[in-house]
Each structure stands twice: as structure tokens, then as C-alpha cells.
Amino acid sequence: MAWTNEDVAGQFAEIATLLKLSGADAFRVRAYERSAGAIGAAPVDLATLSTEEMAQLKGVGASTASKVAEYLTSGRIAMLEDLRAKVPAGLVELTRIPGLGPKTAVMLHGELGVDSVEALRTALDAGALRGLKGLGAKTETNLRASLERLGAKDTGRVPAADAIAIAEELCARLAVLPGVTAVAYAGSLRRMRETIGDVDLLAASRDPAPVMASLRESDLVERVLAAGEKKTSVVLRRGIQADLRVVDPDSWGAALVYFTGSKAHNIRIRERAVRRGLLLNEYGLLRRADDQAEAQGADRDAAGETEDDPVAGRTEAEVYAALGMAFVPPPLREDTGEVEAAAEGRLPRVVTLADIRGDLHAHSDWSGDGKTSLAELVAAAAARGHRYLAVTDHAEDLTMNGIDREGMRARRRAIAELADGAGIRILDGAELNIGIDGSVDYDLDFLLEFDFCVASVHTLFGRPEPEQTARILTAMRHPAVNVIGHPTGRKIGQRPGYEIDLDQLIEGAVATGTALEVNASPRRLDLSGDAVRRAVDGGALLTISCDAHSVGDLASMRYGVGTAQRGWATAAHVLNCRDLDGLLDAVNAKRGPGMRRVRA
DNA sequence: GCCGTTTTCGGCCCGACTGTTTTCAGTCG
């Protein structure tokens, strides 16, 4: 059995959870959490490393490395087995109830024998919690409410695509309030994670109360969870939780860093602050008053009440600079090496929306499922500032939506008619279907008449990994196939994607000069950020394209760029960051001698 | 358990809010 890094990381995350429930030292728990994170983010397959090499990873020591080795050879970790035997299984489940943490779970188990969500429900109904120390009437009510929410569906993470519209709406409403100088959504949404647990909103104002009140009273809010002076938490109508922090404009940058996270990134940069004799919190980067007093040799009592001295805080850039680091774009803030890289000046300049020169995957209504005319699509792409657009309608093997040869020739004439006034190069393209044997639609000569082709898997998702991988590798070798569309086939929150060997795909892409798509549709984001990072490390070329089926879909480019950023991709890794000549050079390079050239 | 511009031991990020508390523990992010 070939264990993936994710499998291994999962073992250590479980150890951390179970240790917490065993009342272990909190720092030891954190060490396991950190090692799980380090393993999950490791750039190489752990199975290829020696125990000594594993212990070189930051956050992984000799103890963890030997447990990894144990797992890789035997498929088990004795310590984890012991913990599983020792900690009642239901306790982990109990801590998933909002407001109920490990301490309370252990206490409920010890006092009442509660070992599952169901048992807690029964205990509540029997009034068994009354009289337990630290648990009053209010806690009982809150637990009931939490259980009810747990009973309702979908309390977990939701696709970011489902939250971004409501986040932007809330921001827009807060931004127009008097005294509010800035508003942003932060958290995992700003980091462009593909799913989010809640919406984090940040506002700058010297008078927080009316801003808080405005959210609490919003018609988008279903329930208020917490309402303090500096922080408000609510449940929105669609079951999504939102947290609002309001800070002084002088603290905006520090608060944005704090609220954007990730938690692991924040911990790392706060440690860095501590090592420099500073304190980093959501209000600023500060030199402590007592430290100053000591530095000046003054007596602390004589110094009296002095304020902490702000070093930075108005902007994020200021905070990072004061920590001796390059600015870290939000999607990179996951503690996967970006802190060290930013400190050592080797953080790559990741691709941005401004680097994108065109879109290489779009459908017009020539495709059965396209909703926009060719002219509208081209005009919209031009309006977005694109220099070129590959219209890649479905090819004929996709029986429902595909276009046959005559249809493609007719579409080619339609493209030619539009070409002059378009103000943008329209690439005559197609989205080909990868057959079970790796073949694609039409024939070689017909395919070489296109300017640009995407090839994608649309059928037979259930094939075993070797077969699935082989069919894509075969398609890559075709001289007219320029990019593999949505390479893993996953749909966020819907289906996991087919079984493929990504490393082989990356090697094949490099060897054949075929790009791998970062499909920017927020339902797909395929490749994922993690997969992009592996592709970048492997030297593969990417495209970032919207797979638009309507004009509005062209706006999804930012999600694709965010995903590419999460994978540390630079403009140099992305084919559609090249100008038209650069793009066509790549297309022509893939074609053999004597084959038709595509001209600008 | 991990780690080092306080380096092989003694620390380990920081603050808001709630509830049950007379000064704080638990939870969350």
C-alpha cells in the first residue's frame, strides 16, 4: 500500500485530537498538530525519505519521524492504537458540537458516562446536567441549540463559491455606514481556500457600536451568537456563520493580517515578533512598555503606566516589513514554507490577475450547453482586457453538446467574420473528449486546422487509476492537444474526481509540452492549489481558464488566479500570461515537422 | 514534542466572548 502524505498527516492530526482529550500537555498537542501540518505540506513523498531526512522537516523531530516510519512500514502507529483504546470513541464526536470543547467532553463522560451526541441529548432531556460544576442553565440552553443546529444539515464547510456573494454584499452594506473607512472580508475566503467554515468580516471605524448593530439587525442575519464591543458573531440565513471585527483605522493592517490567518501562519509570524522583542496582535506590532523600561535601565514602578509603543499596524505591508519579511499574498499564508521564504527574500512573485493575457477555455452557444453567442463572448473577453480568447466549444464525441465537422467549419466562418472588428485574437478552438483509449475526436488533419485544443475527460470516471492515468497520458502525446482540461475531474462538494496518478500526469505534461489547466470555475478549481504546487515543482506548464459557458463566467478568472497563487505559481508557469506570439510558439512547438503552423 | 540572534533545557502566540464566576476557565479563531 502506498500511503500518501495526506494519509500520514491524518494519523498525526488524530493523535493530536486524542491527546487533547486525554488531558495531555497543550504544547505537546500543538507539536503534533504542527507535525501533521508539516507532513501534509511536505513537498516530497515521505515514503521516499529516510527517517533522518524526515526529521529535517520543520516541525518534525526524531519522535515523529520514527512514528512516520512505523506507519509507512506497518500501516499503524502503536501510540495511536493505544490512544484509540484509551479515549472513548464518542468524545471526539462530542467536541464537534459548537461550544463544547475537550474539557467539557471529558467531564461529561466522567460524571455522566456521556459518550456520544445521542447520549448527550438523552442526558439533557433527563435534566442530568443540572448541578454539574461549571454548567449552568444558560450553557444547557446553548447546548440544546447547538444540538439542533447539528441535527440540521450542512453545518460543515461550504464551497467558497456559495459564500463569496453574501460576503461581498455584507461588505458593501458595511462600507457605506458613517465613520467606516475600510471594509474587507478576510479569513479563508480571502486566502482563496476552496471551501470555507465561516465568513470573516473586518471593518475600520473609530466608533464600532453602530457597525456591530448594523450587522446584528441585518435582514441577512438569522441568529446572533455573540455580541461584544469588539466582535460580533452571527448565523446568516443560509446557515453560514459570519464574524465581524471592528478596529481603529490605525490598526487596520494588523487586524487584516490577524483576521486573514491562517492560524498556523499567524502563530509563526507572532513567534517571529517575540524573537524580535515585539508583540503582534490584531491592534498592531508593538514594543512592550515594560521591555522598553528594562532596555532603558529604568525601574518599572518608577516608569509607571506607559503605553505599548506601536511599531507598525496601518497596513499589512508595514507589518510584514517591520518583521523583516516580504509581503506575503493571502493565498500563500498557510505555513507551508512561506514565512521562511519571505524572511529569506525568496518568496516567488506569484501570478496575478494583471498578468493574464487571455482565456483559453470558453464555450459559446455553438456548444449545446453554452449560453452566450460567439459575438457576446468575444466582446466580453475584449472588455475584460484579454488579448486573445480560445473559443473551445465541445467536439463531436460529446454527443449531447458537441459539434460535428460541418458545424465546426460553419463556426470557423463565423469566427472569421467576427475577427476584424473584435479587437482581440479569436483562437479557433475545441474542447476534445479523451476516449477510454486516450484517443480524441475527429482525425489528425482536421484537428490541426484548429488554433488551440483543450482535451478533457468527460466520461467513464470510474475507471481504475492506471487506466485513467494512461488514457490522459496518451491524449497528451497528440500534437494538437495543448492542454488537459480540469485534470482531476473533481467538483467541489459534489464528487471527488477520478483516480489518477498526478505525478505521472505532471511528468507526462513536461515531457510532451502539454499544459495542465487550472480550471477557474469556483465549482471546480481543478487543479487544486496543492496540485498546482506539485505541478510547479515538477516544472509543468499551466493554463488558468474560466471554462466559461456564459459571459458572467469570465469573471471567475480571479478564483483560478487565487488557486494558482496557493500553488506558488508565477506568471512564467502560466501559458496564458504570455503574449499571443509566445502562446502560439508553444502551440507550434508541439506540432511535428511539416504540420500546419498556427499564425498570429 | 519541537527547537535555538535567550541553542541541548526551558520555554512554547494572542485576545474576545460567554458563563459562572468574585478573578477565571473554557472555547474559539
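Residue numbers start from 1 in every chain, and the chains themselves are labelled A, B, ... in the order their sequence lines are given, proteins ahead of strands. Keep in mind the model is a prediction, meaning the values are calculated, not measured.
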Describe the nucleic acid contact of [X] in one word from base, sugar-phosphate, nothing, applying a heavy-atom distance below 4.0 Å.
| X | answer |
| --- | --- |
| A/F27 | base |
| A/I269 | nothing |
| A/R245 | sugar-phosphate |
| A/A16 | nothing |
| A/T64 | sugar-phosphate |
| A/A273 | nothing |

What is the separation between atom [atom1] on [X] and atom [atom2] on [N], rounded to the nearest whole Å?
| X | N | atom1 | atom2 | value |
| --- | --- | --- | --- | --- |
| A/R30 | B/dG11 | CZ | C1' | 11 Å |
| A/D243 | B/dT18 | CG | P | 12 Å |
| A/D200 | B/dG29 | CG | P | 9 Å |
| A/D335 | B/dC2 | CG | C1' | 13 Å |

Using a cut-off of less than 4.0 Å, is there contact between a side-chain N or O of [X] and OP1 or OP2 of [N]?
| X | N | value |
| --- | --- | --- |
| A/N281 | B/dC13 | no |
| A/K231 | B/dC17 | no |
| A/R28 | B/dG1 | yes |

Query raised in the report: Is NZ or CZ of A/R333 both nearer than 6.0 Å to the six-membered ring centre of A/Y258 and within 45° of the ring axis?
Result: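 No cation-pi geometry.
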Minimum-distance nucleotide (side-chain atoms of [X] versus [options]):
| X | options | answer |
| --- | --- | --- |
| A/T139 | B/dA16, B/dT20, B/dG29 | B/dT20 |
| A/K230 | B/dC12, B/dA16, B/dT18 | B/dA16 |
| A/A31 | B/dG15, B/dG1, B/dC13 | B/dG1 |

Requested in this report: Hey, which sits more toward the 5' end of DNA chain B by its nearest nucleotide, A/E271 or A/K138?
Outcome: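 Per heavy-atom nearest nucleotide, the more 5' residue is A/E271.
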Query raised in the report: Relative to the 5' end of DNA chain B, which residue comes earlier, A/N142 or A/M79, by the nucleotide with the nearest heavy atom?
Result: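 First, find each residue's nearest nucleotide; the 5'-ward one identifies A/M79.
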Query raised in the report: Going by atom types only, do A/T336 and A/R533 share a side-chain donor-acceptor pair under 3.5 Å?
Result: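 A pair is found: one side chain offers a donor N or O, the other an acceptor, under 3.5 Å apart.
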Query raised in the report: Does a side chain donor of either A/T4 or A/D7 reach within less than 3.5 Å of an acceptor in the other side chain?
Result: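 A/T4 vs A/D7: donor-acceptor pair found between side chains.
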Query - side-chain hydrogen bond (donor to acceptor under 3.5 Å, both in side chains), paired with A/E334, selected from A/R193, A/R566, A/H265 - result: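 When A/R193, A/R566, A/H265 are each tested with A/E334, the side-chain hydrogen bond (donor to acceptor under 3.5 Å, both in side chains) holds only for A/R566.
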Query raised in the report: For residues 253-267 of chain A, which residues have at least one heavy atom under 4.0 Å from DNA chain B?
Result: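 The answer is A/Y258, A/K263, A/I267.
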Query - Lys/Arg N to Asp/Glu carboxylate O, A/E338 vs A/R191, below 4.0 Å - result: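 The answer is no: the pair does not qualify as a salt bridge.
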Within the sub-3.5 Å range, which N or O atoms of nucleotides 3-8 of chain B have a protein N or O partner, and how far apart are they?
unit_1, atom_1, unit_2, atom_2, d
B/dC3, OP1, A/G59, N, 2.4

Query raised in the report: What integer number of Å spans the P atoms of B/dC3 and B/dT8?
Result: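 Between the two P atoms, the distance is 15 Å.
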Query raised in the report: Rounding to the closest angstrom, what is the interatomic distance between B/dC9 and B/dT20 at atom P?
Result: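 These two P atoms come out 46 Å apart once rounded.
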Give me the distances for all protein-to-nucleotides 24-27 of chain B N/O pairs that come in under 3.5 Å?
unit_1, atom_1, unit_2, atom_2, d
B/dG26, O3', A/T104, OG1, 3.3
B/dT27, OP1, A/G101, N, 2.7
B/dT27, OP1, A/G101, O, 3.0
B/dT27, OP1, A/T104, N, 3.0
B/dT27, OP1, A/T104, OG1, 2.5
B/dT27, OP2, A/K103, N, 3.1
B/dT27, O5', A/G101, N, 3.4

Report task. Would you indicate whether A/E229, at its atom CD, is surrounded by more than 12 heavy atoms from other residues, nucleotides or ligands within a distance under 6.0 Å? Result ->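 No, because the 6.0 Å sphere around CD of A/E229 holds 12 heavy atoms or fewer from other groups.
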Query raised in the report: Atom OG in A/S521, atom CE in A/M557: separation rounded to 0.5 Å?
Result: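 The CE atom of A/M557 is 12.0 Å from OG of A/S521, to the nearest 0.5 Å.
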